[in-house]
Number of protein chains: 2
Amino acid sequence: MNDKFFRLPLEKQQRIINAAYKVFSENSYKKAPMSEIATEGCVSKALLFHYFTNKKELYMYLWANAIEMTREAIIEYKTLETDDFFEMLKRSLLSKCSLMRDYPHLYVFCLRAYYETDPEIQNSIQENYNDVSKVSEMTVFEKIDISKFRKDIDIKTMYAEIFYAVDGYMLKKYRSNCIVPDEIEKEIIVLIDFWKKVYMQEV
Amino acid sequence: MNDKFFRLPLEKQQRIINAAYKVFSENSYKKAPMSEIATEGCVSKALLFHYFTNKKELYMYLWANAIEMTREAIIEYKTLETDDFFEMLKRSLLSKCSLMRDYPHLYVFCLRAYYETDPEIQNSIQENYNDVSKVSEMTVFEKIDISKFRKDIDIKTMYAEIFYAVDGYMLKKYRSNCIVPDEIEKEIIVLIDFWKKVYMQEV
DNA sequence: GTTTGGATTAACTGAAACGGTTAATAGGAG
DNA sequence: CTCCTATTAACCGTTTCAGTTAATCCAAAC
């Protein structure tokens, strides 16, 4: 890729990248056209190819960029620096909301990229992501204080259920084309407070 | 469409329809090729056009078919003939699992079709679906006995959360390409029992 | 065993979309 | 005016698309 891309005004960089995140989250790799990305980003297709040598390179840049930004956001929000599960969940989701302000389609892009089946792409993706997610999931279970939970529920099921719900929620927001970070942040907090009330031991 | 389609052996009808559900649930309407459906269904593209005059007609048939089958399944499982929310939820989800045995991609097809933005399609879809879903959601809230729930939780939030989780769960199953109805049925039951324990008033 | 008729397809068509390239333009700085 | 960089319109060869046509396959009827 062409380093000059980074010398563009930040607004333009983001406009182009967001257009790409959007088109790649709506279509499979193969059926996401570079021309559509260009139009969506209000630049010419030729410019896209000027900065990114080809489609695959652009896709891979988006992926690496997504992982890196996610990791930074998690650190910035001190996500792992607590032993309270719901606090950790809140920090994790709020960090994702903050990413969403700059990159509204990043979350769904990742959701889709992880299951991308195109041979050109597949290999480079999953291994890389497993590094991040598996490790972090283990870290979570090591750190959290499970004594605060109700004794009669299965924590793994709870954990799974919560993440299904978050994905389902985000997907709905995304599909109905209303990604408004402020609103999502509020609704996420409502959900977390709800879970807290339901799953924590009463005192 | 050509009525002779229904005179085909049932196995073949389903094979073709399932191929179509699959391709349309992976791609937007515009980018779902008839040729891919044909290949997936092990018939020639020409045969597809012999039974369905064009792509739009096929899509609309799939949609009407999905709605109709869903309604029948809901009735068959006596979904609305109880005032216990979790019993109703179980019947509703098990009825969907039973559909899944014959039509593995129907659920995700519907999820996608509802938000389809192609002008050729959009209008004919949403209104039609709202009839079904809005009415049934209202019926649910009229029928269920809310006295059994914990007093300290917001039922609307619970309701929303549960459906986010189901969608998130199904999406994950679908994306990771492992739609095994028996397994899904088991896991759904685990989830429902989990919710029951969590949300119902203890006695 | 030949005819008939419906099921099925290979091969085709014209148009559009695709990834990627090229050669030219635009516009600001010196 | 000159230089330089960002930018694009126009283009290229290829592939893909929805939809068509004319031919084949095959079983049942005669």
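All figures in this text were calculated on a predicted structure; none of them were measured in a lab.
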Which nucleotide wins on minimum distance to the side chain of [X], given the candidates [options]?
X: Lys45(B); options: dG19(D), dT21(D), dC17(D); result: dG19(D)
X: Lys30(A); options: dA18(D), dT8(D), dT16(D); result: dT16(D)
X: Val43(A); options: dT8(D), dT9(C), dA18(D); result: dT8(D)

Spacing between [X] atom [atom1] and [N] atom [atom2], to the nearest angstrom:
X: Asn2(A); N: dT7(D); atom1: CG; atom2: C1'; value: 13 Å
X: Phe5(B); N: dA7(C); atom1: CZ; atom2: C1'; value: 14 Å
X: Ile16(B); N: dA7(C); atom1: CD1; atom2: P; value: 12 Å
X: Gln13(B); N: dT8(C); atom1: CD; atom2: P; value: 11 Å
X: Arg15(A); N: dA6(D); atom1: CZ; atom2: C1'; value: 13 Å
X: Met34(B); N: dT9(C); atom1: CE; atom2: C1'; value: 15 Å
X: Ile37(A); N: dG19(C); atom1: CD1; atom2: P; value: 8 Å
X: Glu11(A); N: dA6(D); atom1: CD; atom2: C1'; value: 15 Å

_Return a single string for nucleotides 23-30 of chain C, one symbol per nucleotide in 5' to 3' order, where B is base contact, S is sugar-phosphate-only contact and - is none, cutoff 4.0 angstrom on heavy atoms._
--------
*Report yes or no: do Tyr107(B) and Asp167(B) form a side-chain donor-acceptor pair below 3.5 Å?*
yes
*Does any donor atom in the side chain of Thr82(B) or Asp84(B) lie under 3.5 Å from an acceptor atom in the other side chain?*
no
_Both Lys31(B) and Leu8(B) contact DNA chain C. Which one's nearest nucleotide lies toward the 5' end?_
Leu8(B)
_Please give me every residue in residues 47-56 of chain A whose heavy atoms get under 4.0 Å of an atom in DNA chain C, ordered by residue number._
Phe49(A), Asn54(A), Lys55(A)
*Does a side-chain N-to-carboxylate-O contact under 4.0 Å join Glu81(B) and Arg91(B)?*
no
*Are any of the side-chain nitrogens in Arg101(A) or Glu185(A) under 4.0 Å away from the carboxylate oxygens of its partner?*
yes
*Residue pair Asn65(A) / Tyr21(A), side-chain heavy-atom distance below 4.5 Å*: yes
*Could you check if a side-chain atom of Trp63(B) sits within less than 4.5 angstrom of a side-chain atom of Ser124(B), using non-hydrogen atoms only?*
no
*Whether Tyr159(A) and Phe85(A) hold their rings parallel, tilted or perpendicular, with breakpoints at 30° and 60°*: tilted
*Identify, with sequence neighbours excluded, every residue that meets side-chain contact (heavy atoms from CB on, under 4.5 Å) alongside Glu116(B).*
Ser28(B), Tyr29(B), Tyr59(B), Asp118(B), Ile121(B)
_I want to check one thing: is the phosphate of dT8(C), taken as OP1 and OP2, less than 4.0 Å away from some side-chain N or O of Ser44(B)?_
no
_Is there a side-chain contact between Lys12(B) and the phosphate of dT8(C), meaning an N or O under 4.0 Å from OP1 or OP2?_
yes
*More than 12 heavy atoms of other groups within 6.0 Å of Lys172(B) NZ*: no
*Ala32(B) near the nucleic acid: base, sugar-phosphate alone, or nothing, with a heavy-atom cut-off under 4.0 Å?*
sugar-phosphate
*For Phe24(A), is the NZ or CZ atom of Lys55(A) found under 6.0 angstrom from the centre of its six-membered ring and inside 45 degrees of the ring axis?*
no
_So, under a plain 3.5 Å distance rule, would you say the side chain of Lys4(A) forms a donor-acceptor pair with the base of dA6(D)?_
no
